[in-house]
Amino acid sequence: MAANENNKNTAIDVKGMIAKNKQGKSLSSITEKLIPVVLFLFAIITVFTTVGIVITLLTETIEFFKRVPIWDFFTGTVLKPMSQNPEFGVLPLLNGTIISSTIAMLVAGPIGLMAAIYLSEYASDRVRKVLKPMLEILAGIPTIVYGFFAFTFVTPLIRSIWPDVAATNILSPGIVMGIMIIPMIASLSEDAMSSVPNAMREGALGLGATKLETTFKVVIPAALSGIIASFVLGISRAIGETMIVTIASGSSKNFTFDITQSMQTMTAYIVEVSGGEAAAGTTIYYSLYAVAMTLFVFTLLMNLLARYVSRRFREEY
Amino acid sequence: MKYLNADQVTKRMDGRIAKNNILKMLFLLATIFGLIVLAILIYRVVVDSIGWIDWNFLTGRQSTDAERAGIMGALLGTLWMMLVVAPVTLILGIGTAIYLELYAKKGRLQAIIQTNISNLAGVPSIVYGILGLTIFVRAMEMGNIILAGGLTLSLLILPIVIVAAQEAIRAVPGFLSEASYGMGATKWQTIKNVILPAALPGMLTGAILALSRAIGETAPLTVIGIPALIIPFPEGIFDKFTALPMQIYYWTIDSSLVAEYANLAAGTIIVLLVLLFVLNSAAIFIRNKFQQRF
């Protein structure tokens, strides 16, 4: 038959072509084998980055703990790295970090969540398409610009209302950090809320609930894992934030709970110490790594917690 | 017999509806709040910089004298650094994404690399600064040159570039590569001629957005130890340098000593924001112009 013959002919042709092709193939088959190896080496660089971070932090931190007992570091309330009898207690820094992050979350948590509710439950598609990218601009502004804003605008503003506040204080950078984190929480929470199926909303609305009741009794409980994860990521972001607190909160190492005063965070300490003076090999130099290690562990735990929460408690529909 | 009392129902509903409407306003206000702050921020920066951005400011050398100070050195430093960051992150980022999406067997190793990348994305930028200080500046004895800063920032944004490139590859539909295999193309030929061209706009968009993140990064540079004052312009990647965000940082903290420094910082912020705006517009342009929908 015609079709059969056709098939035969092509089969012969293909065989010939394959044979012909194979003659000039050695180069391209080398490329075929080499490319995955090269790409694998690229991919492994990210693993080396992590290993590099952990090893540098760990070795220098161990060196630091040989000079300063680990117990003194984690329970010391006095940090005087530059004095004649230096003391290296990390608690003032931890305190500064926790207080600034708390202030930031008090701003970003409620406002971010409310914005998420509006965008996901109330806004029309058109409004959302305008508002969301505009909010994301806020997330794209470099942190140094927020630092400038906190120092030259927010602090003077606060001081004009509340004169007790010092020129460098933890309150102003905390608030500005919160503003910086709003888009992150809004966007992640909105994602979580808009992935709740409409059928559940319609069920509640059909029973006569208002939109507000639907939001708080149906949507938020269903999206809770994603919302909590977004909060945890926000905290992690606040802990690791550097420039805003460095600029606007000064470098006082006092162990205090007075938010009108200057406090130093872990990140700001790293900037201060690494910014030149500390020569390699001094205890101050090693303290840099111990503080960075603490910071690294804190943020890593937060990020793992966020992932655990969003996986473990996700409601599947 | 009446089961429903209309008056009662409206009476009960009214309160709940009013509550709904009031809170709706509150939610809208919360959404707008961020935008209001953004407007104030930009307004402040513009007002502070008015009269300070002139030709001398843009092209002048660094100076402690506020009237004479210029940011050309910082601008060149930032641009040189991007000339390091862009190729390094593009090659490593796209390479890693191709490996993970198209070559790696789904298994332990691939899972480790993938988890590791998402963990790296959450590491604070200042920790990368310490890595850069220890490895590039000290161990490799580069000193605080452009190359060291650029490599540090490359590691910082690499996870973002990889994830964006992976998503771009995943968005290429399977029938394209199947057609290519069906025509007898090898795997690399398929990747090179079919998958990469289709995924490139998405990859570039992600890479440019990551680059704009790198341009604004300050914390890693402070750790590496960029000096406050460098008079000569950088002429290559092995020169010492300063960068726009560092310039903003030094002028901001010194503005309590010399008030005019705040104006200089504001002027530099404008330049930085314009740079970011151009980059982001380019990213959006590429996405809209070249992104194919399948």
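Worth saying up front: this structure is predicted, and the values here are computed from it rather than measured. Lettering follows sequence order; numbering is per chain, from 1.
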Student check: side-chain heavy atoms of [X] and [Y] closer than 4.5 Å:
X	Y	value
B:Y128	A:T49	yes
A:M243	B:T222	yes
A:F148	B:D48	yes
B:Y249	A:T246	yes
A:Y122	B:L28	no
B:P159	A:T46	no
B:K19	A:T210	no
A:L288	B:L133	yes

Contact part of [X] toward chain A, heavy-atom cut-off under 4.5 Å: side chain, backbone, both or neither?
X	value
B:L273	side chain
B:L109	side chain
B:L276	side chain
B:T134	both
B:F33	side chain
B:L23	side chain
B:I112	neither
B:N144	neither
B:R16	both
B:V127	side chain
B:A97	neither
B:I91	both

Minimum heavy-atom separation for [X] and [Y], please, with both atom names.
X	Y	answer
A:A43	B:Y99	CB-CD2, 3.7 Å
B:G95	A:F42	CA-CD1, 3.8 Å
A:A115	B:A30	N-CB, 4.1 Å

Between [options], the one whose heavy-atom pairs under 4.5 Å with chain B are most numerous:
options	value
A:Y146, A:F153, A:F296	A:F153
A:M180, A:M134, A:M302, A:E241	A:M134
A:I137, A:L113, A:I117, A:T143	A:I117

Open item on the list: Show, in sequence, the C-alpha distance, side-chain angles and deciding distance for B:K187 and A:E32, and conclude whether the salt bridge (Lys or Arg N to Asp or Glu O under 4.0 Å) test is met.
Closed with: CA-CA 7 Å; B:K187 187 159 194 175; A:E32 285 302 318; over 6 Å; no

Task: B:I130 side, atom CD1; A:I270 side, atom CD1 - distance, nearest 0.5 Å - done: 4.5 Å

Open item on the list: Taking side chain as everything from C-beta outward and backbone as N, CA, C, O, which of these in A:T267 sits under 4.5 Å from a heavy atom of chain B? Side chain, backbone, both or neither.
Closed with: both

Task: Residues of residues 113-123 of chain B with any heavy atom under 4.5 Å of a heavy atom in chain A - done: B:I113, B:T115, B:N116, B:I117, B:S118, B:N119, B:L120, B:G122, B:V123

